[in-house]
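Working notes, beginning with the structure itself.
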Amino acid sequence: MSKVSESEEEKVADLTPMLDVVFIMLIFFIVTATFIKETGIEIDRPDTKTAELKKTVSLLVGVSPDNVIWIDKKKVDIRQVRPVMERLHSENPKGGLVIKADSASKVEKVLAVMEAARTLGIAQVAIASEEE
């Protein structure tokens with residue numbers, strides 16, 4: 001009877017190393033995943049023929065048709081744009097800024113966001129558009 005139990009023990013596979021590998025892969029994918037940044041509002045971007053794709057974007061700022069500024073899915077007062085941008089830019093200093101301004105928004109709000117970026121030393125500033 002002991003021989004039967006010994007042969008059964010030999011047939012049982014130890015799943016612990018496989019579970020370790022699965023958890024390590026899960027952690028790897030979570031750490032390396034890039035998260036999609038959103039402004040928090042739906043924007044009707046202007047059309048252009050010379051649009052370029054930006055790879056490293058750390059800040060995404062939206063300007064709605066009623067000239068409200070949105071950063072990180074929150075409405076931001078014009079006086080608070082610079083501190084909020086500074087906090088988000090410190091998380092990824094190599095990334096640039098993309099402004100998603102609605103085609104009906106005023107240029108003054110877009111320029112205020114660009115000025116805040118300039119004072120923070122953000123060199124890569126772009127305005128999002130739709131390709132024709």
Side-chain angles (χ1 to χ4, degrees):
M1 199 145 168
S2 70
K3 287 190 176 202
V4 172
S5 64
E6 285 178 16
S7 66
E8 286 178 7
E9 282 183 20
E10 290 176 9
K11 292 180 182 177
V12 174
D14 185 18
L15 297 178
T16 306
M18 186 178 73
L19 289 174
D20 290 343
V21 169
V22 168
F23 283 124
I24 289 171
M25 288 175 55
L26 178 66
I27 291 170
F28 173 77
F29 288 124
I30 289 172
V31 170
T32 59
T34 57
F35 299 101
I36 299 173
K37 295 183 182 289
E38 294 291 329
T39 58
I41 53 170
E42 189 67 33
I43 302 275
D44 179 30
R45 297 179 293 188
D47 294 330
T48 184
K49 293 181 181 178
T50 60
E52 294 178 14
L53 181 65
K54 296 291 182 189
K55 299 257 184 207
T56 57
V57 175
S58 66
L59 283 169
L60 189 60
V61 178
V63 181
S64 67
D66 56 348
N67 299 308
V68 177
I69 298 173
W70 290 75
I71 303 174
D72 201 23
K73 298 181 182 178
K74 296 178 190 111
K75 288 182 185 180
V76 178
D77 186 61
I78 191 68
R79 296 176 298 250
Q80 296 298 317
V81 168
R82 187 179 183 279
V84 171
M85 285 175 51
E86 186 173 20
R87 179 180 53 85
L88 292 173
H89 183 63
S90 66
E91 295 172 5
N92 184 6
K94 292 183 180 178
L97 165 70
V98 172
I99 302 170
K100 290 178 78 174
D102 194 276
S103 55
S105 63
K106 291 191 176 183
V107 175
E108 289 85 13
K109 295 291 183 174
V110 175
L111 289 176
V113 172
M114 292 175 79
E115 182 66 27
R118 187 177 307 135
T119 60
L120 291 173
I122 301 173
Q124 298 176 3
V125 178
I127 298 177
S129 66
E130 293 285 339
E131 267 190 274
E132 288 187 345

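This one's a predicted model, so the numbers in the text were calculated from it and none came from an experiment.
With Asp102 contributing its side chain and Ala104 its backbone, the two residues share a donor-acceptor pair below 3.5 Å.
Heavy atoms only, all atoms of each residue included: Met85 and Ile122 are closest at CE-CD1, 4.3 Å. When all heavy atoms of Ser105 and Ser64 are compared, the pair lying nearest together is CB-O, 3.3 Å.
Rounding to the nearest 0.5 Å gives a distance of 11.5 Å between CD of Gln124 and CG of Leu59. Note that CG of Leu120 is 10.5 Å distant from CG of Leu88, once rounded to the nearest 0.5 Å. Between Arg87 atom CZ and Asp72 atom CG the span is 6.5 Å, to the nearest 0.5 Å. Separating the CE atom in Met25 from the CG atom in Asp20 is a distance of 13.0 Å, to the nearest 0.5 Å.
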Under 3.5 Å, sequence neighbours excluded: what are the donor-acceptor pairs made by side chains of residues 75-84?
| residue | atom | partner | partner atom | Å |
| --- | --- | --- | --- | --- |
| Asp77 | OD2 | Arg79 | N | 3.3 |
| Asp77 | OD2 | Arg79 | NE | 3.0 |
| Asp77 | OD2 | Arg79 | NH2 | 3.0 |
| Arg82 | NE | Thr119 | OG1 | 3.1 |

Quiz: residues 106-117 side-chain donor-acceptor pairs under 3.5 angstrom, not counting sequence neighbours:
| residue | atom | partner | partner atom | Å |
| --- | --- | --- | --- | --- |
| Glu115 | OE1 | Arg118 | NH1 | 2.9 |

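Residues satisfying the side-chain contact (heavy atoms from CB on, under 4.5 Å) criterion with Ser90, sequence neighbours excluded, are absent altogether.
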Inset, instruction - Carefully, step by step, assess Val61 and Lys100 under the rule side-chain contact (heavy atoms from CB on, under 4.5 Å). - result: CA-CA 6 Å; Val61 178; Lys100 290 178 78 174; over 6 Å; no
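Counting heavy atoms from C-beta outward, Ile99 and Val125 have side chains that approach closer than 4.5 Å. Phe23 is not listed as a side-chain neighbour of Val21, based on a closest heavy-atom distance of 4.5 Å or more.
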